[in-house]
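Structure first, commentary second.
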Number of protein chains: 2
Amino acid sequence: MAEPREPREVGEPGRTRRDPESVSRFVEHFAAQLVEAGVPRMPARVFAALLASDTGALTSAELGEQLRISPAAVSGAVRYLAQVHLVSREREPGSRRDRYRVHSDQWYEALTNREALIKRWEDALREGVTSLGADTPAGRRLAETLAFFEFVEGEVEAMMERWRAHREKTFGAGDGRG
Amino acid sequence: MAEPREPREVGEPGRTRRDPESVSRFVEHFAAQLVEAGVPRMPARVFAALLASDTGALTSAELGEQLRISPAAVSGAVRYLAQVHLVSREREPGSRRDRYRVHSDQWYEALTNREALIKRWEDALREGVTSLGADTPAGRRLAETLAFFEFVEGEVEAMMERWRAHREKTFGAGDGRG
DNA sequence: CCTTACCTTCACAAATTTCTGAAAGAAGCG
DNA sequence: CGCTTCTTTCAGAAATTTGTGAAGGTAAGG
(Lines give C-alpha, C1' and ligand atoms only; values in the text may rest on other atoms or scores of the structure.)
Protein backbone atom coordinates (compact mmCIF):
# COMPACT_ATOMS: atom_id res chain seq x y z
CA MET A 1 0.00 0.00 0.00
CA ALA A 2 1.51 3.23 -1.09
CA GLU A 3 1.78 5.38 1.98
CA PRO A 4 1.52 9.09 1.46
CA ARG A 5 5.03 9.33 2.75
CA GLU A 6 5.44 13.05 2.88
CA PRO A 7 6.59 14.01 6.36
CA ARG A 8 6.15 17.70 6.89
CA GLU A 9 8.91 18.01 9.45
CA VAL A 10 12.36 18.33 8.02
CA GLY A 11 14.01 15.73 10.10
CA GLU A 12 16.85 15.10 7.68
CA PRO A 13 19.86 17.08 8.78
CA GLY A 14 22.02 18.98 6.35
CA ARG A 15 20.91 17.48 3.09
CA THR A 16 17.42 18.96 2.99
CA ARG A 17 18.18 22.61 2.47
CA ARG A 18 14.83 23.05 0.76
CA ASP A 19 13.08 25.85 2.54
CA PRO A 20 9.37 25.61 1.69
CA GLU A 21 9.03 29.33 1.99
CA SER A 22 11.76 30.01 -0.51
CA VAL A 23 10.23 27.53 -2.89
CA SER A 24 6.84 29.10 -2.51
CA ARG A 25 8.20 32.55 -3.06
CA PHE A 26 9.84 31.51 -6.30
CA VAL A 27 6.78 29.61 -7.45
CA GLU A 28 4.45 32.52 -6.93
CA HIS A 29 6.82 35.06 -8.38
CA PHE A 30 7.58 33.10 -11.50
CA ALA A 31 3.94 32.19 -11.95
CA ALA A 32 3.06 35.85 -11.78
CA GLN A 33 5.37 36.56 -14.68
CA LEU A 34 3.76 33.82 -16.72
CA VAL A 35 0.33 35.19 -15.91
CA GLU A 36 1.42 38.56 -17.16
CA ALA A 37 2.38 36.92 -20.42
CA GLY A 38 -1.13 35.56 -20.82
CA VAL A 39 -0.95 32.15 -19.16
CA PRO A 40 -3.98 31.36 -16.97
CA ARG A 41 -3.27 31.54 -13.28
CA MET A 42 -3.66 27.97 -12.11
CA PRO A 43 -1.67 26.40 -14.95
CA ALA A 44 1.06 28.95 -14.33
CA ARG A 45 1.26 28.11 -10.63
CA VAL A 46 1.19 24.38 -11.21
CA PHE A 47 3.90 24.62 -13.83
CA ALA A 48 6.10 26.75 -11.60
CA ALA A 49 5.65 24.30 -8.75
CA LEU A 50 6.72 21.41 -10.93
CA LEU A 51 9.69 23.36 -12.20
CA ALA A 52 10.81 24.06 -8.66
CA SER A 53 10.35 20.52 -7.42
CA ASP A 54 13.34 18.31 -6.81
CA THR A 55 12.29 15.43 -8.98
CA GLY A 56 10.46 17.43 -11.61
CA ALA A 57 7.34 15.42 -10.96
CA LEU A 58 4.56 15.76 -8.41
CA THR A 59 1.27 14.04 -7.73
CA SER A 60 -2.06 15.75 -7.81
CA ALA A 61 -2.30 15.62 -4.03
CA GLU A 62 1.12 17.19 -3.58
CA LEU A 63 0.28 19.99 -5.95
CA GLY A 64 -3.03 20.62 -4.25
CA GLU A 65 -1.47 20.79 -0.83
CA GLN A 66 1.44 22.99 -1.80
CA LEU A 67 -0.66 25.47 -3.73
CA ARG A 68 -3.73 25.22 -1.51
CA ILE A 69 -6.10 24.43 -4.34
CA SER A 70 -8.77 21.81 -4.86
CA PRO A 71 -8.28 18.58 -6.81
CA ALA A 72 -10.60 20.00 -9.44
CA ALA A 73 -8.35 22.99 -9.91
CA VAL A 74 -5.32 20.74 -10.25
CA SER A 75 -7.15 18.66 -12.79
CA GLY A 76 -8.07 21.66 -14.89
CA ALA A 77 -4.60 23.17 -14.73
CA VAL A 78 -2.93 19.92 -15.66
CA ARG A 79 -5.25 19.40 -18.59
CA TYR A 80 -4.31 22.82 -19.89
CA LEU A 81 -0.61 22.21 -19.46
CA ALA A 82 -0.77 18.85 -21.14
CA GLN A 83 -2.62 20.38 -24.06
CA VAL A 84 0.15 22.88 -24.70
CA HIS A 85 2.75 20.19 -24.07
CA LEU A 86 4.30 21.76 -21.03
CA VAL A 87 3.80 18.73 -18.82
CA SER A 88 3.26 15.04 -19.39
CA ARG A 89 1.38 12.65 -17.20
CA GLU A 90 2.81 9.42 -15.95
CA ARG A 91 0.94 6.62 -14.34
CA GLU A 92 2.69 4.88 -11.51
CA PRO A 93 2.28 1.12 -11.96
CA GLY A 94 2.00 0.28 -8.26
CA SER A 95 -0.40 3.03 -7.34
CA ARG A 96 -3.43 4.86 -8.61
CA ARG A 97 -1.65 8.16 -8.46
CA ASP A 98 -0.75 10.00 -11.58
CA ARG A 99 2.39 12.05 -11.57
CA TYR A 100 2.80 15.16 -13.61
CA ARG A 101 6.24 15.87 -14.95
CA VAL A 102 8.16 18.62 -16.64
CA HIS A 103 10.94 17.68 -19.00
CA SER A 104 13.62 20.22 -19.61
CA ASP A 105 13.11 19.86 -23.33
CA GLN A 106 9.44 20.58 -23.06
CA TRP A 107 9.97 24.27 -23.47
CA TYR A 108 10.71 23.88 -27.08
CA GLU A 109 8.07 21.27 -27.50
CA ALA A 110 5.69 23.93 -26.28
CA LEU A 111 7.20 26.43 -28.64
CA THR A 112 6.80 24.01 -31.50
CA ASN A 113 3.23 23.47 -30.47
CA ARG A 114 2.66 27.16 -30.81
CA GLU A 115 3.28 26.77 -34.50
CA ALA A 116 -0.02 24.96 -34.85
CA LEU A 117 -1.64 28.16 -33.74
CA ILE A 118 0.34 30.17 -36.24
CA LYS A 119 -0.72 27.80 -38.98
CA ARG A 120 -4.30 28.85 -38.36
CA TRP A 121 -3.32 32.48 -38.56
CA GLU A 122 -1.78 31.69 -41.88
CA ASP A 123 -4.94 30.02 -43.09
CA ALA A 124 -6.98 33.05 -42.16
CA LEU A 125 -4.49 35.31 -43.92
CA ARG A 126 -4.50 33.24 -47.08
CA GLU A 127 -8.24 33.42 -47.17
CA GLY A 128 -8.02 37.16 -46.70
CA VAL A 129 -5.59 37.59 -49.57
CA THR A 130 -7.96 35.72 -51.84
CA SER A 131 -11.15 37.44 -50.82
CA LEU A 132 -9.70 40.94 -50.77
CA GLY A 133 -7.68 40.44 -53.92
CA ALA A 134 -3.96 39.83 -54.17
CA ASP A 135 -3.58 42.94 -56.28
CA THR A 136 -5.07 45.32 -53.73
CA PRO A 137 -3.06 47.24 -51.14
CA ALA A 138 -4.74 45.37 -48.32
CA GLY A 139 -4.17 42.07 -50.08
CA ARG A 140 -0.48 42.82 -50.48
CA ARG A 141 -0.19 43.71 -46.82
CA LEU A 142 -1.83 40.48 -45.83
CA ALA A 143 0.42 38.55 -48.17
CA GLU A 144 3.51 40.07 -46.63
CA THR A 145 2.31 39.29 -43.15
CA LEU A 146 1.73 35.75 -44.27
CA ALA A 147 5.24 35.58 -45.68
CA PHE A 148 6.64 36.72 -42.36
CA PHE A 149 4.96 33.92 -40.48
CA GLU A 150 6.01 31.34 -42.99
CA PHE A 151 9.56 32.57 -42.68
CA VAL A 152 9.53 32.42 -38.90
CA GLU A 153 8.06 28.96 -39.00
CA GLY A 154 11.00 27.65 -40.96
CA GLU A 155 13.53 29.48 -38.85
CA VAL A 156 12.25 28.19 -35.56
CA GLU A 157 12.83 24.63 -36.62
CA ALA A 158 16.47 25.34 -37.42
CA MET A 159 16.86 27.27 -34.19
CA MET A 160 15.68 24.34 -32.14
CA GLU A 161 18.25 22.15 -33.77
CA ARG A 162 20.95 24.59 -32.76
CA TRP A 163 19.59 24.71 -29.23
CA ARG A 164 19.85 20.99 -28.94
CA ALA A 165 23.50 21.15 -29.91
CA HIS A 166 24.18 24.09 -27.64
CA ARG A 167 22.49 22.37 -24.77
CA GLU A 168 24.50 19.20 -25.02
CA LYS A 169 27.67 21.18 -25.27
CA THR A 170 26.85 23.22 -22.18
CA PHE A 171 25.11 20.76 -19.92
CA GLY A 172 26.48 17.51 -21.19
CA ALA A 173 24.30 14.99 -22.96
CA GLY A 174 21.19 14.99 -20.83
CA ASP A 175 18.41 12.54 -21.44
CA GLY A 176 15.88 15.30 -21.56
CA ARG A 177 14.71 14.92 -18.01
CA GLY A 178 15.32 17.67 -15.55
CA MET B 1 -24.97 61.19 -32.60
CA ALA B 2 -23.39 60.37 -35.94
CA GLU B 3 -25.96 58.75 -38.16
CA PRO B 4 -25.05 55.20 -38.95
CA ARG B 5 -25.18 55.83 -42.66
CA GLU B 6 -23.58 52.76 -44.06
CA PRO B 7 -24.66 52.50 -47.68
CA ARG B 8 -24.87 48.85 -48.44
CA GLU B 9 -24.89 49.41 -52.19
CA VAL B 10 -21.53 49.61 -53.92
CA GLY B 11 -22.06 52.70 -56.01
CA GLU B 12 -18.52 53.12 -57.29
CA PRO B 13 -18.03 51.17 -60.45
CA GLY B 14 -14.86 49.23 -61.05
CA ARG B 15 -12.51 50.93 -58.65
CA THR B 16 -14.24 50.02 -55.43
CA ARG B 17 -14.07 46.27 -55.47
CA ARG B 18 -13.91 46.32 -51.71
CA ASP B 19 -16.88 44.41 -50.50
CA PRO B 20 -17.52 45.50 -46.91
CA GLU B 21 -18.92 42.12 -46.11
CA SER B 22 -15.82 40.31 -47.30
CA VAL B 23 -13.65 42.67 -45.32
CA SER B 24 -15.73 42.18 -42.22
CA ARG B 25 -15.67 38.45 -42.59
CA PHE B 26 -11.88 38.43 -42.77
CA VAL B 27 -11.55 40.87 -39.90
CA GLU B 28 -13.73 38.84 -37.57
CA HIS B 29 -12.20 35.54 -38.56
CA PHE B 30 -8.62 36.65 -38.19
CA ALA B 31 -9.41 38.45 -34.95
CA ALA B 32 -10.90 35.24 -33.61
CA GLN B 33 -7.63 33.44 -34.24
CA LEU B 34 -5.73 36.13 -32.40
CA VAL B 35 -8.15 35.91 -29.51
CA GLU B 36 -7.54 32.20 -29.32
CA ALA B 37 -3.85 32.94 -29.00
CA GLY B 38 -4.49 35.12 -25.97
CA VAL B 39 -4.95 38.58 -27.47
CA PRO B 40 -7.84 40.54 -25.91
CA ARG B 41 -10.86 40.79 -28.15
CA MET B 42 -11.08 44.48 -28.95
CA PRO B 43 -7.39 44.93 -29.70
CA ALA B 44 -7.56 41.89 -31.93
CA ARG B 45 -10.49 43.26 -33.90
CA VAL B 46 -8.99 46.70 -34.24
CA PHE B 47 -5.71 45.29 -35.40
CA ALA B 48 -7.38 43.05 -37.95
CA ALA B 49 -9.39 45.97 -39.27
CA LEU B 50 -6.25 48.04 -39.75
CA LEU B 51 -4.51 45.16 -41.44
CA ALA B 52 -7.39 44.80 -43.88
CA SER B 53 -7.68 48.49 -44.64
CA ASP B 54 -6.44 49.86 -47.93
CA THR B 55 -4.16 52.52 -46.53
CA GLY B 56 -3.11 50.67 -43.42
CA ALA B 57 -4.35 53.54 -41.32
CA LEU B 58 -7.77 54.41 -39.94
CA THR B 59 -9.18 57.05 -37.66
CA SER B 60 -10.89 56.34 -34.40
CA ALA B 61 -14.26 57.19 -35.91
CA GLU B 62 -13.75 54.85 -38.84
CA LEU B 63 -12.76 52.02 -36.56
CA GLY B 64 -15.71 52.62 -34.30
CA GLU B 65 -18.14 52.63 -37.16
CA GLN B 66 -16.76 49.59 -38.91
CA LEU B 67 -16.57 47.48 -35.77
CA ARG B 68 -19.68 48.94 -34.12
CA ILE B 69 -17.90 49.84 -30.94
CA SER B 70 -17.78 52.96 -28.82
CA PRO B 71 -15.00 55.57 -28.94
CA ALA B 72 -14.00 54.40 -25.48
CA ALA B 73 -13.50 50.88 -26.73
CA VAL B 74 -11.37 52.12 -29.61
CA SER B 75 -9.30 54.16 -27.22
CA GLY B 76 -8.66 51.20 -24.96
CA ALA B 77 -7.83 48.84 -27.80
CA VAL B 78 -5.46 51.29 -29.42
CA ARG B 79 -3.67 51.93 -26.17
CA TYR B 80 -3.09 48.21 -25.81
CA LEU B 81 -1.85 47.84 -29.36
CA ALA B 82 0.51 50.77 -29.06
CA GLN B 83 1.90 49.34 -25.87
CA VAL B 84 2.87 46.09 -27.56
CA HIS B 85 4.10 48.02 -30.60
CA LEU B 86 1.59 46.64 -33.05
CA VAL B 87 0.27 50.03 -34.13
CA SER B 88 1.59 53.56 -34.03
CA ARG B 89 -0.44 56.72 -33.79
CA GLU B 90 -0.09 59.58 -36.16
CA ARG B 91 -1.48 63.03 -35.71
CA GLU B 92 -2.76 64.71 -38.82
CA PRO B 93 -1.51 68.30 -38.80
CA GLY B 94 -4.59 69.80 -40.42
CA SER B 95 -7.10 67.98 -38.26
CA ARG B 96 -7.70 66.88 -34.71
CA ARG B 97 -8.07 63.31 -35.77
CA ASP B 98 -5.48 60.77 -34.87
CA ARG B 99 -4.83 57.98 -37.28
CA TYR B 100 -3.73 54.57 -36.19
CA ARG B 101 -1.40 52.72 -38.48
CA VAL B 102 0.09 49.29 -38.94
CA HIS B 103 3.51 48.99 -40.49
CA SER B 104 4.44 45.75 -42.12
CA ASP B 105 7.61 45.63 -40.06
CA GLN B 106 5.74 46.00 -36.84
CA TRP B 107 5.30 42.30 -36.49
CA TYR B 108 8.85 41.83 -35.59
CA GLU B 109 8.89 44.96 -33.55
CA ALA B 110 6.17 43.31 -31.55
CA LEU B 111 8.15 40.13 -31.37
CA THR B 112 11.16 42.03 -30.18
CA ASN B 113 9.01 43.69 -27.60
CA ARG B 114 8.10 40.30 -26.29
CA GLU B 115 11.69 39.88 -25.28
CA ALA B 116 11.19 42.43 -22.55
CA LEU B 117 8.72 40.02 -21.06
CA ILE B 118 11.16 37.15 -21.36
CA LYS B 119 13.79 39.19 -19.60
CA ARG B 120 11.57 39.29 -16.55
CA TRP B 121 11.12 35.56 -16.70
CA GLU B 122 14.87 35.30 -16.73
CA ASP B 123 15.15 37.52 -13.69
CA ALA B 124 12.71 35.37 -11.80
CA LEU B 125 14.59 32.24 -12.82
CA ARG B 126 17.96 33.64 -11.76
CA GLU B 127 16.52 34.49 -8.39
CA GLY B 128 15.15 30.97 -8.16
CA VAL B 129 18.51 29.41 -8.95
CA THR B 130 20.08 31.43 -6.17
CA SER B 131 17.47 30.83 -3.52
CA LEU B 132 17.03 27.14 -4.23
CA GLY B 133 20.72 26.52 -4.68
CA ALA B 134 22.57 26.02 -7.95
CA ASP B 135 23.71 22.61 -6.81
CA THR B 136 20.24 21.21 -6.21
CA PRO B 137 18.22 19.31 -8.80
CA ALA B 138 15.61 22.03 -8.91
CA GLY B 139 18.28 24.69 -9.21
CA ARG B 140 19.86 22.91 -12.12
CA ARG B 141 16.52 22.60 -13.87
CA LEU B 142 15.89 26.30 -13.43
CA ALA B 143 19.36 27.10 -14.70
CA GLU B 144 18.81 25.09 -17.83
CA THR B 145 15.49 26.76 -18.46
CA LEU B 146 17.21 30.09 -18.05
CA ALA B 147 19.87 29.04 -20.54
CA PHE B 148 17.18 28.15 -23.05
CA PHE B 149 15.64 31.59 -22.89
CA GLU B 150 18.97 33.32 -23.14
CA PHE B 151 19.74 31.24 -26.19
CA VAL B 152 16.44 32.05 -27.86
CA GLU B 153 16.89 35.71 -27.12
CA GLY B 154 20.12 35.81 -29.07
CA GLU B 155 18.76 33.75 -31.91
CA VAL B 156 15.72 35.89 -32.46
CA GLU B 157 17.83 38.92 -33.12
CA ALA B 158 19.76 37.14 -35.85
CA MET B 159 16.57 35.74 -37.29
CA MET B 160 15.09 39.19 -37.66
CA GLU B 161 18.11 40.29 -39.57
CA ARG B 162 17.63 37.42 -41.98
CA TRP B 163 13.96 38.26 -42.33
CA ARG B 164 14.80 41.78 -43.33
CA ALA B 165 17.03 40.47 -46.09
CA HIS B 166 14.52 37.88 -47.19
CA ARG B 167 11.79 40.48 -47.27
CA GLU B 168 13.66 42.89 -49.46
CA LYS B 169 14.59 40.11 -51.81
CA THR B 170 10.99 38.93 -52.09
CA PHE B 171 8.99 42.12 -51.98
CA GLY B 172 11.51 44.63 -53.16
CA ALA B 173 12.89 47.30 -50.86
CA GLY B 174 9.82 48.51 -49.08
CA ASP B 175 9.91 51.50 -46.79
CA GLY B 176 8.35 49.54 -44.02
CA ARG B 177 4.82 50.71 -44.66
CA GLY B 178 2.29 48.24 -45.83
C1' DC C 1 -16.77 -9.31 -6.38
C1' DC C 2 -16.70 -5.76 -3.43
C1' DT C 3 -13.99 -2.07 -1.31
C1' DT C 4 -10.97 1.66 -1.53
C1' DA C 5 -8.38 5.35 -3.59
C1' DC C 6 -7.87 8.52 -7.03
C1' DC C 7 -9.10 11.39 -11.00
C1' DT C 8 -12.51 13.75 -13.64
C1' DT C 9 -16.78 16.11 -14.75
C1' DC C 10 -20.75 19.00 -13.65
C1' DA C 11 -23.38 22.96 -11.89
C1' DC C 12 -22.97 26.94 -9.38
C1' DA C 13 -20.93 31.02 -6.82
C1' DA C 14 -17.54 34.55 -6.89
C1' DA C 15 -14.27 37.45 -8.78
C1' DT C 16 -12.27 39.63 -12.53
C1' DT C 17 -12.56 41.57 -16.90
C1' DT C 18 -14.84 44.09 -20.65
C1' DC C 19 -17.55 47.54 -22.87
C1' DT C 20 -20.63 51.48 -22.70
C1' DG C 21 -22.48 56.24 -21.66
C1' DA C 22 -21.34 60.54 -19.85
C1' DA C 23 -18.22 64.13 -18.51
C1' DA C 24 -13.76 66.21 -18.70
C1' DG C 25 -9.50 67.34 -21.14
C1' DA C 26 -6.60 69.02 -25.36
C1' DA C 27 -6.02 71.43 -29.69
C1' DG C 28 -7.07 73.70 -33.96
C1' DC C 29 -10.11 77.45 -36.03
C1' DG C 30 -12.97 81.51 -36.43
C1' DC D 1 -10.75 84.34 -26.68
C1' DG D 2 -14.35 81.26 -27.02
C1' DC D 3 -16.22 77.52 -30.04
C1' DT D 4 -15.89 73.23 -32.08
C1' DT D 5 -14.09 68.68 -32.67
C1' DC D 6 -11.87 64.81 -31.21
C1' DT D 7 -9.84 61.85 -27.62
C1' DT D 8 -9.41 60.16 -23.08
C1' DT D 9 -10.91 59.00 -18.44
C1' DC D 10 -14.24 57.39 -15.03
C1' DA D 11 -17.92 54.76 -12.84
C1' DG D 12 -21.05 51.23 -13.49
C1' DA D 13 -23.61 47.27 -15.91
C1' DA D 14 -23.02 42.97 -18.27
C1' DA D 15 -20.73 39.02 -19.63
C1' DT D 16 -17.11 35.87 -19.40
C1' DT D 17 -13.91 33.41 -16.77
C1' DT D 18 -12.30 30.94 -12.69
C1' DG D 19 -12.27 27.89 -8.67
C1' DT D 20 -15.00 25.00 -5.48
C1' DG D 21 -17.98 21.21 -3.67
C1' DA D 22 -20.17 17.12 -4.72
C1' DA D 23 -21.33 13.27 -7.60
C1' DG D 24 -19.65 9.87 -11.06
C1' DG D 25 -16.27 6.87 -13.24
C1' DT D 26 -12.15 3.72 -13.36
C1' DA D 27 -8.81 0.69 -11.73
C1' DA D 28 -6.01 -1.59 -8.01
C1' DG D 29 -6.17 -4.73 -3.97
C1' DG D 30 -8.30 -7.88 -0.64
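Residue numbers begin at 1 in each chain, while the letters A, B, ... track the order of the sequences.
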Query raised in the report: Hey, does the side chain of A/R45 come within less than 4.0 Å of D/dT18's phosphate (OP1/OP2), counting only N and O?
Result: no

**Report entry** B/V102 vs A/R141 side-chain heavy atoms within contact, under 4.5 Å
**Finding:** yes

Requested in this report: Take the C1' atoms of the five end pairs on each side of the helix from C/dC1-D/dG30 to C/dG30-D/dC1, derive the two axes, and give their angle rounded to 10 degrees.
Outcome: 20°

Query - Residue pair A/R101 / A/Q106, side-chain heavy-atom distance below 4.5 Å - result: no

Query raised in the report: For B/Y100, which contact category applies under a 4.0 Å heavy-atom criterion: base, sugar-phosphate, or nothing?
Result: sugar-phosphate

Query raised in the report: Touch check for B/R99, heavy atoms < 4.0 angstrom, all strands: base, sugar-phosphate only, or nothing?
Result: nothing

Requested in this report: Please check if B/V35 and B/I69 belong to a single hydrophobic cluster, counting links between Ile, Leu, Val, Met, Phe, Trp and Tyr side chain heavy atoms closer than 4.5 Å.
Outcome: no

Requested in this report: Would you mind reading off the distance between B/E62 atom CD and D/dC6 atom P, rounded to a whole angstrom?
Outcome: 11 Å

Requested in this report: Using the test side chain to side chain donor-acceptor pair (under 3.5 Å), find all partners of B/E157 that sit at least two apart in sequence or belong to another chain.
Outcome: none

Requested in this report: Give the ring-plane orientation class for A/W163 versus B/F148, where under 30° counts as parallel, over 60° as perpendicular and anything between as tilted.
Outcome: perpendicular

Report task. Taking the side chain as every heavy atom from C-beta outward, state whether B/R162 and A/F151 have any atom pair closer than 4.5 Å. Result -> yes

Query - Whole-Å distance separating the CG atom of B/L58 from the C1' atom of D/dC6 - result: 16 Å

Query raised in the report: In terms of side-chain heavy atoms of B/R97, which of D/dC6, C/dC7, D/dT8 is nearest?
Result: D/dC6

Query raised in the report: Taking protein heavy atoms under 4.0 Å as touching, what does nucleotides 14-30 of chain C look like 5' to 3' if B marks base contact, S marks sugar-phosphate-only contact and - marks none?
Result: -----SBB-----SBS-

Requested in this report: Assess whether salt bridge (charged side-chain N to carboxylate O under 4.0 Å, His left out) is satisfied between B/E168 and B/R164, documenting all intermediate values.
Outcome: CA-CA 6 Å; B/E168 290 197 4; B/R164 211 187 272 273; over 6 Å; no

Query - Sequence neighbours excluded - ring-ring contact (aromatic ring centres under 6.0 Å, His included) pairs with any residue from residues 70-94 of chain B - result: none

Query raised in the report: Hey, is the side chain of B/R79 poking within less than 4.0 Å of OP1 or OP2 on D/dT9, counting only N and O atoms?
Result: yes

Requested in this report: Using atom CG of A/D98 as one end and atom P of C/dA5 as the other, report the distance to the nearest whole Å.
Outcome: 17 Å

Report task. Start with the C-alpha gap between A/E36 and B/R120, add the side-chain angles, then the distance that decides, and say whether side chain to side chain contact (heavy atoms under 4.5 Å, CB included) holds. Result -> CA-CA 10 Å; A/E36 210 154 314; B/R120 296 177 51 186; 3.2 Å; yes

Requested in this report: Report the residues that fulfil ring-ring contact (aromatic ring centres under 6.0 Å, His included) with A/Y100, sequence neighbours left out, ordered by chain and then residue number.
Outcome: none

Query - For DNA chain D, the residues among residues 24-35 of chain B that have a non-hydrogen atom under 4.0 Å from it - result: none

**Report entry** Whole angstrom value for the distance that separates C1' of D/dT7 from CG of B/L81
**Finding:** 16 Å

Requested in this report: Give a yes or no on whether a salt bridge exists between A/E150 and A/R126, defined as a side-chain N under 4.0 angstrom from a carboxylate O.
Outcome: yes

